[in-house]
Each structure stands twice: as C-alpha cells, then as structure tokens.
Amino acid sequence: MYSDVSTEQLTDSQRQAVFHRDGPLLVLAGPGSGKTRVISCRIAALIEAGVRPDNICAITFTNKAAEEMRRRLAGRISNGVHISTFHSLCVRILRRYAEAAGIRPNFSIYDTNEQTRCMKETVRQCDVDTSNFPPARMLEFVSNLKNDLESVEQYRARADDYFGKTVARIYAMYQQIMEQNNAMDFDDLLTRTAFLLRDRPDIREELSRRFGYLLVDEYQDTNHAQYQIAKGLALAHGNICVTGDPDQSIYRWRGADIENILAFEKDWPNAQVIRLEENFRSMSKILETADRLIAFNAIRKHKMLIATRGQGGRVDIFARTDERDEACQLAEQLQQLLDEGVNPNRMAVFYRVNSMSRAVEEAFIRRHIPYQVVRGVEFYSRKEIQDMLSYLKLIANPSDDIAFVRATGTHSRGIGKSSVDRLIEYAKKSGQSLLAAAHSAGKEGSIRPAGAKRIEEFAKMIDGFAALAGGEVSPLMDIVFAQSGLADALRAAGEQTAIENINELINAAAEFDGQTENPNLLDYLQSIALYSDSDAYDPDAGRVSLMTLHAAKGLEFDYVFIIGLEEGLLPHERSRSSKDDLEEERRLFFVGVTRAREALAVSYARYRTLRGQFIRSTPSQFLYEIGYAGQEQETADAEKIFEPEQYLTPQAVPDICGQSDYERFSPRQLVEHSKFGLGRVKEFLDLGADSVVVVQFNSGKTKSLMLKYAKLRRPGSGTNLSSGKEEAQRYVEDPFLL
DNA sequence: CATAGCCGCCTTTTT
DNA sequence: GGCGGCTATG
C-alpha cells in the first residue's frame, strides 16, 4: 500500500518508535539509524490505526526532506498529511490568521539581500554612525533577538547603555519599515507565529485540533522560536514526536539550541525516549572514525554507534600541495571509480565554504567529470532573476518599496536616481507606498516633468500586469518579461545568458503551475523565497555531487570525499575562539564523515589561496583526532598517503603548533605598531613563520599584517613603553570587539 | 540621466 | 579576488 513504509524488517527499537501511539516521544537517532524511514512508517502506522491523514503535521528541516517523505508515503491514504518546513508552516498559519496576527496576507518574504537593504535604510533613518553600527552586524543582532522571541518592547526595557538603546531604536525602526513594506524576514515568520500562538489561545486550540499529531525532525537544530511553536501546537494534546541527534547539531550560529533536545524530557515529563543506535549505513571503519572523532566533544550525551553493515570500508587521509593539486588528485580518484563503472550518483565531495567548489569544478571540467553543485539559491540570486522577480513581487505586494526601486532600475527607462529619490521623499511626505505615490508623481513639483511622466507610465504598467495576475504564473511572467522592456534591454546589450536564465525561470514557473493545485503568484513567490540550497540536490542526476558540509545533512553516499581539512578552514577561523564553536565544527565534520557508506577520503592542502593570497596551512586538529599519525611517507609520485595507525585519545591532544621560534599573539591582546600606533589583536593566524596578525587600530582601521614584516611590539613588555595598564586605558574600546 | 571606472569592502555555514 | 557602491564624466 505504501511505497517505502513496510514495517516488516524493523528492529525492536524502531518498531517501538513506529507504533508508539499517544503522548510525547523523543527519538534519539544516530546517523544512519533509519530515522527518516521510522518517521514515514510512524505516519503510516498512525493512519492505519485510524488517525485522519490531515490530522497529522510533520515538520522537516528542508523542503527537500519534506518532498522525500511525501515520496515515501506515496499512497492515496496518506494524502492530506501536512509535511513541510517550519517556515512554510508559518507562512500558511500567518496567511490563514493574518487578521489576528495584524498583518496582510500578501506579505513579501525578504531574503538576506532585501533584509540588508532594509537595514541600511533603517540605519540611515536612525541617523547613527554606520561604522559603529554596521548594517550587517545590526541585522545579525536583531535576528538573534527575534530568534530568542524578544520583542522590541522587551529589548528596549532591558537595554540600559548607549549601545543597547541605539540597537533598540534600530530594531524598532527596522520592524516599522518592514511593516510599511508589508514584508517579513525569515525570523519574522517564526516570531509572529510564536507570538500568535502565545497571545491567542483560541487559535492555538484550533490548530491543535487541526493537527492532533505533531512530528518534528532534526529537533536538535530548532531555535527558540521554533521550539515555542512546536510546544504551542502540541500543548493541548501532547502528541509530539521529536527526532534528532545532538551530535549532528550544526546550526548553533543560527540560533539553534541543542538544549531543546537535551531538555525534552523536562518539558514533557511523561515522554518516552527511544534510542536508535544501530547504524545501517556505514562500514565499520568509517563508523570507528566517526566515533573516535566525536568522542573529543565534551558537551554531549554519550551515544553508541553500532555497526550493522559489517566489517570493512576504507578511510584514507591525503596530503596535497595546494588546492589545485588537491582538486586534480580528487578528479583522478573519481575518474578511477568512474572507469570501474561506479555510478556518479554514489559519489560526493564536501567542503566547508562554498568558494572551495571553484578549484574542484575547474579540475572536473578539465577531466570531463559530470558534476552538480548543490547550491540552489545561487540561481535565484542572479541579477537578472532578481530583476525579473522584483516586478512580480511588486505586482503581488504593491507596498513593497524595495521591489519598486529594484524594478524601476532593471534597465534604463528614463527614470534615474534623482527622480527616484524625490519620489521617495514625496511618498514619505504623503504617507504612501512608492507605487501609490508614483501614480501621482506629476503632482510633485520637485520631480522633473520628463521623469515624472516615466514614473507614472511605470505605475500604469504595473497596474496592467496586476490585472492579469489571476492564476498561473508562467504566462504572467512571459508578459512581464516582454512588456516591461527588460527582454529588449537584455537583447540590445547582448546578454544572451541572462535571457536564457530568465527563460529557465519561466520554465520552472510553468512546472510550478503544473504541479500546484491552484497556482497563483503569491504561493509561487513564497515558495521560491523559502527555497534552499539542499533543495537543489538531485539524487538521480548521474553526476558527482559537490556541496558544503551543511548541505550534506540528511544525505548519504557510497564514496565521500571531504577536502580542506586545515586549521582555519575546518575548524573555521571564526569558530576557533570558543570551545562551543569548536565543538560545532567537530560535529560538522562528524556529519560529513557519517554520510559515507563504503569509503571516505579526507584531504588537506599544505598551501591554499585564501582571499587571493597563497598561504601556508596547518593540518586540521581533527585529522589528528581521527588518527593521522603525522608521519608523512612520500610515494614515488610525491603523493603522500596516510593510513590511520596511531590514534589519539581525547585526553592526549598534542599541541600541533607547539614548536615555535616566532612570536604568537592572541585575540584582544594590545599591540603597538611603529606606523599605525596602538591597537588590539582581533585574530591571529598561526602559520609558523608566515603567521598573520589581524589588528584593529585606534584609528578605526583594521589591518592584516604579516608577522615577519610588521614588527609589532607588546606594550608593557617593551623597553621604553609605559605599563600595559595605562596603554589599555588609552585604547578606545570598540563595542563590537567582544 | 546613464555609464564607466575606481575604491573600498568583505569573505562561514542557511531558512 | 570579486562585488557593490560611489563619483566623475559624457
């Protein structure tokens, strides 16, 4: 009856999880423990036991995971089960209860780019110094407040210093501008839903009746807002089943709170806890490697990884010269597998940062190795796509001033910057949106008559499009593309690829039209706003997959290659300062390792080009932890291969960069430079003789200095300098340096 | 008003 | 090294 939810071959503990009926359930599921299958089987079992499908709500981490689950449940009986991400669920709830939430249902969802524009405008309007309150930092700050469900009023009440009070003003203004634009950012979707559930018990109960059974996957990566939403939805009935693995929590930086899963039993005292510790995915050698690695994390619940797939498998560690060499040898290894007839679908390459795909892609192209880069949002962030979408956003939400500004500027049409600036002034004075003000631009004397005329024409054009915006999206797109003048402008400029990209966008929209029950512009825009990187992964592409370690979560491959195991990269530079961050990096590597079924190859490069600079690198400490003995053996072709032989124990981590005849600095330390004066160390890249020190000087400038050339002095330890204490007082504190 | 060229910025991971 | 924003110029 169900495509992949046969319960015949389940283990005892899996069976327990599947057939647990009512009440809270915590499933601690290790990697490769068949968690997805268990959830799918559980949904099927609930339906079998008489629960109505539309009474079940399953929350997955990505749209892709939701899709996968729908496929597993592909039976007529399961139709109606609500399966989506937290964000999609929130969009549905907010549109359904828009009035109660105090919003309009046709809201725009702002991506990072639009958020930044909005925050820049905010900081400008608050009239504060952008160097002390940089928009990107403010965005991060505000985002954290929202993830913790702290409202403007709450934050204002506890902000007592200048910095806090200014941030409170910025937070308030940002929310006001978002509201004027009838827009929400990713955080707003969660917070507004959480507040709605908190403030409206009637709606909360209605939703509890609607969803009598709640399942939340990847629970270790929920943030506080998501946690409250899940709790709110299940409060009335307690039928909440959460699954996850604390060792795979990799979104702490985004507000994910590992405590949510660790403390589940406190929230729901009658919770049943089931551990899935058997691993059906990886061969023993790979599991041993993963086990050894994660044992170095101090903050964790001990969990077993029990191998069931039998002995064997391969783990190799390779040292390469630089990123080009690393990529070439990687291509070579993959080519060998391909020559043996291995399907490229079974292979994947993981890396820490997106920019690392470049060298690999170049090597793959040279060797004609078919590959896919799993980076879905990349397509949607292209200029021409964003331009095209700005028209559609404006049509769907006439209050969206950010869309208005973008749409008017997609190509030259006689509306210049000064006209737009004056229109903005006019709109502000008269309390209208830009589009509304544009209709009467001629009445505003300060706008040049020619410009005003063009602006009015533009507004009429958008009205014309809006009249056609009833059902399917792709026909509307065709019209907008042609009649907006964008198509002609791109053709005239010879932007062939841009035109092709837009055509691809229209094709994708046609697909959306075909697959959606009642296709409409609003649903389309909201679905692409919540589109994520991992959604682009096609398991049947017939290509080797390239992706970040984050995107690899939830996937598995027979052959896994992880590149760039270097200090500063994995663990990442920005994560080395705190122990918690370092542990998260280790979990990230753990996630990568445990994706492998049969073979894992890990590599690092001795030199790597970073920010255009060729610098020496140090092998990652994680390599030592998984058993890289540090004894390099040169083979004939200068390729160095290590077989893990000697293993470290978590207690005996050697100081890898122990020996030093060079000076070393640590963050926050005061230093003095002969030319730039006094400053504070922000970062220290320990690269032996080539070490780099990043110093923020009193002048406000931050400089990266090569240690061997910079001649930095430590105030206080020098000969003719006054004591360090006095120097510290002379130094102007930057509120962000902490 | 539009464009070209230059300067200065950042550069982790993502819903 | 790559992009976005600003400025000077046509």
Side-chain angles (χ1 to χ4, degrees), chain A residues 59-66 84-91 109-113 115-117 120 130-131 134-137 140 143 146-147 184-190 218 221-223 225-226 249-256 350-356 358 374-378 380-383 408-409 411-421 447-448 450-451 454 489 493 526-536 547-553 564 568-576 581 584-585 587-589 591-592 609-614 683 694 701-702 704:
Chain A
I59 297 172
T60 55
F61 195 71
T62 61
N63 295 308
K64 196 84 202 174
S84 75
T85 62
F86 263 109
H87 285 85
S88 304
L89 175 67
C90 290
V91 167
I109 300 170
Y110 277 3
D111 62 18
T112 323
N113 192 349
Q115 277 182 69
T116 309
R117 280 168 204 273
K120 277 185 181 157
T130 51
S131 60
R137 280 240 187 69
E140 202 185 322
S143 174
K146 290 195 213 171
N147 281 333
M184 307 240 201
D185 61 22
F186 296 123
D187 307 315
D188 288 328
L189 295 174
L190 301 175
E218 306 286 7
D221 279 320
T222 50
N223 64 28
Q226 291 167 326
S249 163
I250 53 175
Y251 285 95
R252 208 178 81 92
W253 52 274
R254 199 172 87 181
F350 305 150
Y351 35 79
R352 178 64 234 266
V353 296
N354 276 308
S355 61
M356 291 169 71
R358 195 186 195 91
V374 181
R375 202 172 352 169
V377 294
E378 196 184 48
Y380 287 96
S381 62
R382 301 183 102 99
K383 184 187 175 296
T408 52
H411 58 277
S412 316
R413 53 152 66 87
I415 303 175
K417 194 181 177 318
S418 72
S419 294
V420 172
D421 282 346
I447 307 176
R448 285 183 335 124
R454 299 298 177 102
Q526 291 181 343
S527 75
I528 59 169
L530 299 178
Y531 190 77
S532 76
D533 271 354
S534 31
D535 295 338
M547 66 189 89
T548 63
L549 286 158
H550 283 90
K553 182 162 116 160
L569 209 48
L570 185 64
H572 195 270
E573 195 56 45
R574 306 267 280 246
S575 309
R576 271 199 305 185
D581 287 345
E584 174 145 315
E585 293 290 301
R587 290 194 294 268
L588 191 55
F589 186 37
V591 165
T609 315
L610 277 164
R611 304 169 205 126
Q613 276 209 317
F614 196 62
E683 277 174 291
V694 184
K701 288 216 187 279
T702 305
S704 295

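Protein chains get the first letters and strands the later ones, always in sequence-line order, with residue 1 at the start of each. Excluded from the calculations below are hydrogen atoms, water molecules and symmetry mates; all remaining heavy atoms, backbone and side chain alike, are included.
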K.L.:
List the residues meeting side chain to side chain donor-acceptor pair (under 3.5 Å) with A/N147, not counting sequence neighbours, and say none if there are none.
P.N.:
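If we apply the side chain to side chain donor-acceptor pair (under 3.5 Å) test to A/N147, skipping adjacent residues, the hits are A/N223.
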K.L.:
Taking side chain to side chain donor-acceptor pair (under 3.5 Å) as the definition, give me every residue that meets it alongside A/K120, ordered by chain and number, with sequence neighbours left out.
P.N.:
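With sequence neighbours excluded, A/K120 shows a side chain to side chain donor-acceptor pair (under 3.5 Å) to no residue whatsoever.
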K.L.:
Using the side-chain contact (heavy atoms from CB on, under 4.5 Å) criterion, which residues pair with A/K64? Sequence neighbours excluded.
P.N.:
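With neighbours one apart ignored, the set is A/T62, A/E67, A/D535.
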K.L.:
With sequence neighbours left out, what residues match A/E218 under salt bridge (charged side-chain N to carboxylate O under 4.0 Å, His left out)?
P.N.:
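Checked A/E218 against salt bridge (charged side-chain N to carboxylate O under 4.0 Å, His left out); matches are A/K35, A/K553.
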K.L.:
Can you sort out the partners of A/Y351 under ring-ring contact (aromatic ring centres under 6.0 Å, His included), two or more places apart, ordered by chain and number?
P.N.:
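Per chain and number, A/Y351 pairs via ring-ring contact (aromatic ring centres under 6.0 Å, His included) with no residue.
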K.L.:
Within the structure shown, what part of the strands sits under 4.0 Å from A/T609 by heavy-atom distance: base, sugar-phosphate, or nothing?
P.N.:
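Result for A/T609 = nothing.
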K.L.:
For nucleotides 2-8 of chain B, read 5' to 3', which letter fits each nucleotide if B means a protein heavy atom sits under 4.0 Å from the base, S means only the sugar-phosphate is that close, and - means neither?
P.N.:
SS-----
K.L.:
Toward the 5' end of DNA chain C, which comes first, A/R117 or A/R358, by nearest nucleotide?
P.N.:
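It is A/R358, whose closest nucleotide lies nearer the 5' terminus.
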K.L.:
Using a cut-off of 4.0 Å between protein heavy atoms and nucleotide atoms, how would you tag nucleotides 10-15 of chain B 5' to 3' with B, S and -?
P.N.:
-BBBBB
K.L.:
Got a sec, which residues hit side-chain contact (heavy atoms from CB on, under 4.5 Å) with A/K417, two or more places apart in sequence or on another chain?
P.N.:
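Here the qualifying residues are A/D421.
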K.L.:
Mind checking side-chain contact (heavy atoms from CB on, under 4.5 Å) for A/R448 and listing every partner two or more places apart, or none if nothing turns up?
P.N.:
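Listed in chain order: A/A450.
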K.L.:
My understanding is that only residues two or more places apart in sequence, or in another chain, count here; which of them pass side chain to side chain donor-acceptor pair (under 3.5 Å) with A/T222?
P.N.:
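Residues passing side chain to side chain donor-acceptor pair (under 3.5 Å) with A/T222: A/N260.
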K.L.:
Any side-chain to backbone donor/acceptor pair from A/R352 onto A/G564? Under 3.5 Å, distance only.
P.N.:
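Side chain of A/R352 to backbone of A/G564, a donor-acceptor pair under 3.5 Å: no, none is there.
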K.L.:
Pull out every protein N or O sitting under 3.5 Å from an N or O of nucleotides 8-10 of chain C, one pair per line with the distance.
P.N.:
none

K.L.:
I'd like to check the salt bridge (charged side-chain N to carboxylate O under 4.0 Å, His left out) partners of A/R254; sequence neighbours left out, ordered by chain and number.
P.N.:
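Not a single residue meets the salt bridge (charged side-chain N to carboxylate O under 4.0 Å, His left out) criterion with A/R254.
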